[in-house]
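Numbered from 1 within each chain, the chains take letters A, B, ... in sequence-line order.
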Amino acid sequence: MKKRGPLLALFFGLTMLLSGCSSLTVLDPKGPAARTLSDTIIFSILMMVGVLAVVYILYVYMLVKYRAKKSNEGYVPPHEEGSTKLEITWTVIPIIIVLILSVVTVRTTMAVENVPEGYENQEPLVIYASSSNWKWHFSYPEQGIETVNYVNLPTHRPVEFRMYSFGPITSLWIPQLAGQKYAMSDMVTKINLVADVPGSYMGKNANFNGEGFAHMNFEALAMSQAEFDEWVQDVKNNEGELTEAEFDKLLETPHVGRMSFASTHLSFSPPPEEGHHHSGSTEKENGNQEHQDNKEKFPEPSSTDEDEAEFDFDPNVHPDDPTPVDPGDESTHHEGH
Amino acid sequence: MKWDEFFVTGDPLIYGAMVSIVLVSLAILVGLTYFKKWGYLWREWLTTVDHKKIGVMYILAALIMLFRGGVDAVMMRAQTSMPDMKFLDGQHYNEIFTTHGVIMILFMAMPFIFGLMNVIIPLQIGARDVAFPRLNAISFWLFFAGAMLFNISFVIGGSPDAGWSAYFPLAGIEFSPHVGNNYYSLALQISGIGTLMTGLNFIVTIMKMRAPGMTLMKMPMFTWSVLITSVIIIFAFPVLTVALLLMMFDRQFGTQFFTMQNGGMDMLWANLFWVWGHPEVYIVVLPAFGIFSEIISTFAKKNLYGYKSMVISMLVISGLSFLVWAHHFYTMGQGAMVNGFFSITTMAIAVPTGVKIFNWLFTLHKGRIEFTTPMLYSLAFIPIFTIGGVTGVMLAMASADYQYHNTMFLVAHFHYVLIPGTVFAVIAGFHYWFPKVFGFRLNERRGKTAFWFIIISFNVTFFPLFFLGLQGMTRRMYTYSEETGFGPLNMLSMVGAIGLTIGFILLVYNIYWSTRYEPRDTTGDPWDGRSLEWSMPSPVPVYNFAVVPEITKRDEFWFAKQEGKSLSDKKIEKIHMPSNSGKPFILGIAFFFLGFFVVFSWWTPAIVAGIAVLLTMAAMSFDRDDGYYIPVEEVVQSEKRLRGERV
């Protein structure tokens, strides 16, 4: 077939190219949630390749056999209304395929929405992930620390991300650990994940939220529980506390590098209530009214340490500057490519 | 407001665009005056109510918009072709991907489809025009006013920059204070009114104006697809209109429907948008299925296989299209049960679509396939669209979508659906019906060259995006660093985009070449067609059918040809036709200025323009023009002339 030649060559070429030099992040999972998704994707690809094969074989057969050529000049094609038997066949078989995929979808969706299998008995580590402009804030209420633009996780422990936004809708995505979910200003959403391989993974905002969107990356670093505890202790000992004034200033700043604090913003700017919640007041301080409404429920921190936080690196990134080195890319080195 | 806020400044690309807009406008004005064509333009085009001419204007506008949207696309591909590219800044990039999406869907795909609908539907059902010819002209001019309003945004005031889906709160006044998204809400409202009226017009036309004997199940498949599409339009478009109205109120009148404060719900916008947005996909894809059905059956020299199941599957698709909108935001956190429901309804659409694919394949079975240009596009559609379809099923799986959502995988998927589905269809339909409208074919050899460029470049452009998505590249990123490894595949995609550009330029060049050199068609039936439009001489006379044929079966004209019988040998009578009217055009202008002034919140001029709109409508409702009659002799004369006999 003259027609399929270039296309097939292209497909094979691409496949070679891809297997040759780069890995597909989504199909390289480092935790049970992402593994479930990766398996689902591969299963569906195989199923769909089967469907494609049937269509392509029929297609090539029809085009080769029934094309107009000298030898069939004068041939008058018959009048065919259709065939109930055939038409039922190609209705029922797709229905069966859809049914199989539906079962897989519902089961895997349930699985990735909940705490990964085998980790149900452990108490999850709760991390609030909130976005403002083009940065991510990660608050660890249990540990009483907060980070900006990087998140450290202990391996083999369920982690529950609770996401919300101080502005437009964003989407928290660490493809090698779990699928993404939106962070919105008026409700809290959850991602359950476990990292079972230590390493540095690319994390990003996947939902377009304005000018600096392309730079809204962070590093998700999975480490052993001991290393994690050590890091928490280190932050507590060496970093300053996050004050409300400082946090407000931070919210306004479009881009910052990594930051760490020995307290969280949850006490003075709590997350919106789970589910939708509305109020009539027009007061507006920290971006979101509902954050303000919930303020009373969390007591102010007793200590009012006003120490300046230390920046890990250049705090003011401009969107037109060259892209800051994506910390997620270290994963490629880490995985030894 | 200062002048430097009014005009977009500081970007050489935009200065260039401004200069070229002024030059082209001047050239048109000077040309029209020099060749004394103002009267011709006014009498034959601006005031016309003839469905064929309105169709031609729709298609012309769509082709211009195809190039506008295409330039946006090439600029996007150029900016992302290499890591850390400095061609565009973030803001400019955000504006062009927004306008690319809006223009390609609403001002290219839809008007192109509407153009073909306008030209062909009355001819296929044996009617002399649409049911409401003047309303049809209003529809066109409102679409055109909306399209022009949207297009001037990039030189005056700034383009919308929150994506074609304009998600709140990003598209709200707080995060997008400049007028760009006002253009979005107003241009789409104005053209949306036109679209809604087109839907109504075509439902009435198809239900009430078919030739005697043509029952619903004897209609050509394109007519069926347009009927179903029109029903989707009248259910879906009011949702968009309401959403855009709320958007306008939020942005310009201080309401809080979608804002972050005072109980505004950002995801309410997303829901409303996609309740319209998903059926919209079928609004542009179902007529495409109709076009492919016509072309495949014509060039396989066979009747359409499984006519009844084709109709049923389109009805099922139209019903399901309203039950799947939440699959655009599985990641909103609505839980496994809701996502499971929408996954199943979404995957269910694959079943009727699959039925159609197999019916097309079996139409080819035992046929005698001729590889003409329109047929090549239709045949290329099947394997490429199937890739779009199966990746659609993959995306429909809520769990897996957590990994595809917002990535280049998704971008690849919908281009694999919309380009073979809609763009190939309108190009195929354009080549197929061109001789009907203009009386000569587009050159086959040049058409095929353009086809191969387009088909190969399309795959080079979009296939790599599937892999980029799986590598973790999200959509709408204006830049990326070298370490991400996204560079090589993006470069490959850029190469494809250049090929596509060449393909489309060749396609347009072929129109020019064929106009000058292609031999004229005197038969009226250059493709050996099956449906009624081919029973008329080309170009079709203003009254379409000298005598309205009687229909006894599907493909009546095909069987008449086989039996050597004429469909038009009855007695010719005088023909009643609608008169031209300038008011639809004036209404379009009034709406354009109303929209423009509201965009900038200039209330006094806006009120004046609003009054002009109301006055024009009032004047129309007092219009007592009942049309005119074409006398018998004139019909007889023109029939003889058009059929090549000596007068």
Side-chain angles (χ1 to χ4, degrees), chain A residues 6-7 10 18 22 24-26 37 40-41 44 48 51-52 55 58-59 62 66-68 75 77-80 82 87 90-91 94-95 98 101-102 105-106 108-110 112-113 168-169 171 175 179-182 184-185 189 206-211 214 278 288-289 319-320 322-323 326 329, chain B residues 84 89-91 163 167 169-170 175 260-261 263 266 301-303 305-306 309 331-333 336 339-340 343-344 347-348 350-351 354-355 358 361 364-370 382-383 386 390 394 397-400 402-403 405-406 456 459 467 470-472 474 476-479 481 483-485:
Chain A
L7 287 185
L10 171 74
L18 284 156
S22 64
L24 299 175
T25 319
V26 166
L37 296 180
T40 310
I41 290 171
S44 68
M48 291 301 120
V51 173
L52 274 182
V55 172
L58 275 173
Y59 176 79
M62 302 298 179
Y66 298 108
R67 69 180 196 277
Y75 161 69
H79 183 90
E80 282 184 312
E87 285 166 54
W90 61 59
T91 310
I95 288 178
V98 165
L101 290 174
S102 297
T105 304
V106 172
T108 52
T109 309
M110 292 278 197
V112 296
E113 288 284 347
I169 301 168
S171 189
Q180 63 186 287
K181 201 160 277 179
Y182 284 172
M184 290 162 285
S185 63
T189 49
N207 196 58
F208 175 65
N209 68 334
E211 199 170 349
H278 304 126
N288 190 323
Q289 178 56 40
D320 293 335
T323 323
D326 186 351
D329 303 315
Chain B
D84 299 318
D89 61 22
Q91 178 62 24
Y167 270 21
L170 183 62
F175 295 98
M260 301 204 308
Q261 283 81 39
D266 43 12
K301 301 280 161 226
K302 265 184 81 203
N303 63 319
Y305 193 90
S309 62
T331 54
M332 203 223 290
N339 280 352
S343 290
I344 294 168
M347 284 190 272
V351 177
V355 169
F358 284 110
L361 288 174
L364 299 173
H365 186 237
K366 295 187 188 163
R368 186 168 185 278
I369 304 165
E370 287 173 0
I382 294 176
T386 309
V390 296
M394 289 164 66
M397 302 173 76
S399 49
Y402 295 165
Q403 296 283 35
H405 186 65
N406 273 331
I456 293 169
N459 285 291
F467 295 94
L470 294 176
Q471 281 181 25
T474 51
R476 298 173 174 176
M477 286 170 73
Y478 82 97
T479 189
S481 63
E483 292 83 356
T484 55

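- Contact record, B:Arg476 with A:Phe208: CD-CB, 3.6 Å, taken as the closest heavy-atom pair.
- Put simply, of A:Thr40, A:Val112, A:Thr189, A:Leu101, the one with the most heavy-atom pairs under 4.5 Å next to chain B is A:Leu101.
- Using cut-offs of 30° and 60° on the angle between ring planes, the pair A:Tyr182 and B:Tyr167 is perpendicular.
- Using a 4.5 Å cut-off on side-chain heavy atoms (C-beta onward), A:Glu87 and B:Phe358 make no contact.
- Ranked by heavy-atom pairs under 4.5 Å with chain A, the first of B:Lys302, B:Met477, B:Lys366 is B:Lys366.
- To the nearest 0.5 angstrom, A:Glu113 atom CD is 9.5 Å from B:Ser399 atom OG.
- The nearest pair of heavy atoms linking A:Ser102 to B:Ile344 is OG-CG1, 3.5 Å.
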>> Go through it in stages, so that I can follow the logic: the residues are A:Thr105 and B:Met347, the test is side chain to side chain contact (heavy atoms under 4.5 Å, CB included), and I'd like the CA-CA distance, side-chain angles, deciding distance and then a yes or no.
In response: CA-CA 10 Å; A:Thr105 304; B:Met347 284 190 272; 3.5 Å; yes

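- In terms of heavy atoms, A:Thr109 sits closest to B:Ala398 at OG1-CB, 3.9 Å.
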> What do the steps show when you test A:Ile169 against B:Leu170 for side chain to side chain contact (heavy atoms under 4.5 Å, CB included), and what is the final call?
Replying inline: CA-CA 7 Å; A:Ile169 301 168; B:Leu170 183 62; over 6 Å; no

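- Residues A:Lys181 and B:Gly333 come closest through the heavy atom pair CD-CA, 4.0 Å.
- Contact detail for B:Gln403 and A:Gly179: the closest heavy-atom pair is OE1-CA, 3.9 Å.
- Interface remark: B:Phe175 contributes side-chain atoms only to the contact with chain A (heavy atom separation under 4.5 Å).
- When each of B:Leu361, B:Asn339, B:Leu364 is checked for heavy-atom pairs under 4.5 Å with chain A, B:Leu361 comes out on top.
- In plain terms, the two heavy atoms of A:Glu80 and B:His365 that are nearest each other are OE1-O, 4.1 Å.
- The parts of A:Thr25 that come within reach of chain B are both its backbone and its side chain, each placing non-hydrogen atoms under 4.5 angstrom from that chain.
- Only the side chain of A:Val106 comes within contact range of chain B, with heavy atoms under 4.5 Å apart.
- Of the inter-residue distances, the one linking A:Asn207 atom CG with B:His405 atom NE2 reads 5.5 Å to the nearest 0.5 angstrom.
- The parts of B:Ser309 that come within reach of chain A are both its backbone and its side chain, each placing non-hydrogen atoms under 4.5 angstrom from that chain.
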